Q: 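Following this message is one structure expressed as structure tokens.
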Amino acid sequence: DDQKVLIEADADGGTLAVHYQLGRDPGLIGLTAAAGHQLDIADVWNQAQELPGGLPVVVAPDQPDKAANIISTAGRTLARPLAQRNDLVALVDCGRLSSRSAANDIVRHADALIVVLRPTAPNIQIAAHRLAAQRRLCENVTWLLVGDRPYSPAEIQGVHQVPVLGVIADDPVGAAGLEHGTTDKKLRRSAFIRSIANVADTLADQFPLAPPGSAAVVVGDEGPAVDDRPPPPSAAPPSAFAGASADDGTPDTPVEGGP
């Protein structure tokens, strides 16, 4: 099987080192420096730490300015050699992408861009607004939903013409059990675990991360916590968004050709 690594590349700053009590080093700074020469598979493992469960992770700096600078450099020096490896599957968490994101150069070298969102009207608006610009970075864009209410995958695909990779069950108890530990029986019965397994199977079928590329990107784009009530039943989910940005609150430049 291909070897796998999670790489944190959120320009707002990494959180995994703090959350899982890992060191800030080794991490993305060291891996980006190594890629400036000739990236070897040993460089990846030398700069990785281990999450609970055994998945190797390359953590980003937790200071936003420092993280943005190193992620911008990684887009120029790390993304291409990483994508060219045929012995590694890299899952890169780019946080919330915008037209000004430091991670955009990383996305350009990805096999797939997976946008994670809750299917509420405001979140769909934000994701739909950014879709055309994201497809200019990576033509293989798909959405991954957290829950299927108030809008189902079929409704979203019908309105926005974007593939939906699957649905992660909105199951906080199951997610907490996976992270903090519980019995095997409870895990097997968890809607969260079953949905994750289904998404993994679909991902393997749709995006076999094998030669010539090996880098996938996940971007969290759930938007602000706002009123989740759906529009009137006769109205379709809004298909354009002309305002909010995920970073500093200033409006993004509207993209041409959006849904």
Side-chain angles (χ1 to χ4, degrees), residues 6-16 28 32 58-80 82-83 90-146 156 159-165 215-228 237-259:
L6 171 63
I7 299 177
E8 197 175 26
D10 187 342
D12 289 333
T15 60
L16 292 178
L28 187 60
T32 301
V58 177
V59 299
D62 52 21
Q63 297 172 288
D65 290 346
K66 195 172 185 179
N69 287 337
I70 196 63
I71 290 165
S72 180
T73 302
R76 297 190 300 269
T77 63
L78 175 61
R80 183 185 296 274
L82 195 65
L91 186 67
V92 185
D93 181 355
C94 292
R96 294 182 178 181
L97 288 180
S98 72
S99 59
R100 301 178 296 276
S101 175
N104 283 346
D105 282 338
I106 296 176
V107 177
R108 286 189 177 94
H109 295 283
D111 293 297
L113 172 61
I114 305 168
V115 181
V116 182
L117 71 155
R118 293 181 182 273
T120 64
N123 295 340
I124 292 169
Q125 285 180 310
I126 293 172
H129 173 66
R130 293 175 176 163
L131 185 59
Q134 290 171 347
R135 280 175 169 160
R136 289 194 287 270
L137 296 175
C138 177
E139 63 181 31
N140 212 352
V141 180
T142 185
W143 289 0
L144 177 60
L145 308 183
V146 180
I156 291 171
V159 172
H160 296 290
Q161 304 301 307
V162 58
V164 174
L165 179 66
V217 173
V218 172
V219 47
D221 197 7
E222 297 189 21
V226 293
D227 190 352
D228 286 350
S239 60
F241 185 78
S245 163
D247 44 19
D248 59 6
T250 57
D252 277 344
T253 302
V255 293
E256 296 181 359

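Just so you know, these numbers use all the heavy atoms, side chains as well, and skip hydrogens, waters and symmetry mates. The structure displayed is predicted, hence computed values, not measured ones.
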Q: What are the two closest heavy atoms between G14 and D62, and how far apart are they?
A: O-CB, 3.4 Å
Q: Does the T142 side chain pair with the main chain of P163, one donor and one acceptor, at a distance under 3.5 Å?
A: yes
Q: Find the distance between CD1 (I71) and CD1 (I7) and round it off to the nearest 0.5 Å.
A: 11.0 Å
Q: Between the main-chain N or O of L113 and the side-chain N or O of Q134, is there a donor-acceptor pair closer than 3.5 Å?
A: no
Q: Could you walk me through whether L131 and V141 satisfy the side-chain contact (heavy atoms from CB on, under 4.5 Å) test, starting with their C-alpha distance in whole Å, then the side-chain angles of each, then the deciding distance to 0.1 Å, before giving a yes or no?
A: CA-CA 8 Å; L131 185 59; V141 180; 3.8 Å; yes
Q: Closest approach of I106 and G75, non-hydrogen atoms and distance?
A: CG1-CA, 3.8 Å
Q: As an exercise, state the distance from CZ of R108 to CZ of R136, rounded to the nearest 0.5 Å.
A: 10.5 Å
Q: How far does CG of D105 sit from CG of L78, to the nearest 0.5 angstrom?
A: 11.5 Å
Q: Do the non-hydrogen side-chain atoms of L145 and I156 ever get within less than 4.5 Å of each other?
A: yes
Q: Which is it for I124 and H160 under the side-chain contact (heavy atoms from CB on, under 4.5 Å) test, yes or no, and what are the steps along the way?
A: CA-CA 9 Å; I124 292 169; H160 296 290; 3.2 Å; yes
Q: Between the side chain of N69 and the main-chain N/O of D65, is any donor-acceptor distance below 3.5 Å?
A: yes
Q: For R135, does the CZ atom have more than 12 heavy-atom neighbours from other residues, nucleotides or ligands under 6.0 Å away?
A: yes
Q: Stepwise, does the side-chain contact (heavy atoms from CB on, under 4.5 Å) test hold for V146 with V116?
A: CA-CA 7 Å; V146 180; V116 182; 3.8 Å; yes
Q: For a quick test of reading the model, state the closest non-hydrogen atom pair linking A67 to G13 and the distance between them.
A: CB-CA, 3.8 Å
Q: List the atom of N104, the atom of S99, and the distance in Å for their closest heavy-atom pair.
A: ND2-O, 3.4 Å
Q: So which atom in G95 and which in D93 form the shortest heavy-atom distance, rounded to 0.1 Å?
A: N-OD1, 3.0 Å
Q: To the closest 0.5 Å, what do you measure between CD (E8) and CG (L28)?
A: 8.5 Å
Q: Taking all non-hydrogen atoms of both residues, which atom of A9 and which atom of A103 are closest, and how far apart?
A: O-CB, 4.0 Å
Q: When rounded to the nearest 0.5 angstrom, what distance separates CZ in R96 from CG in L117?
A: 11.0 Å
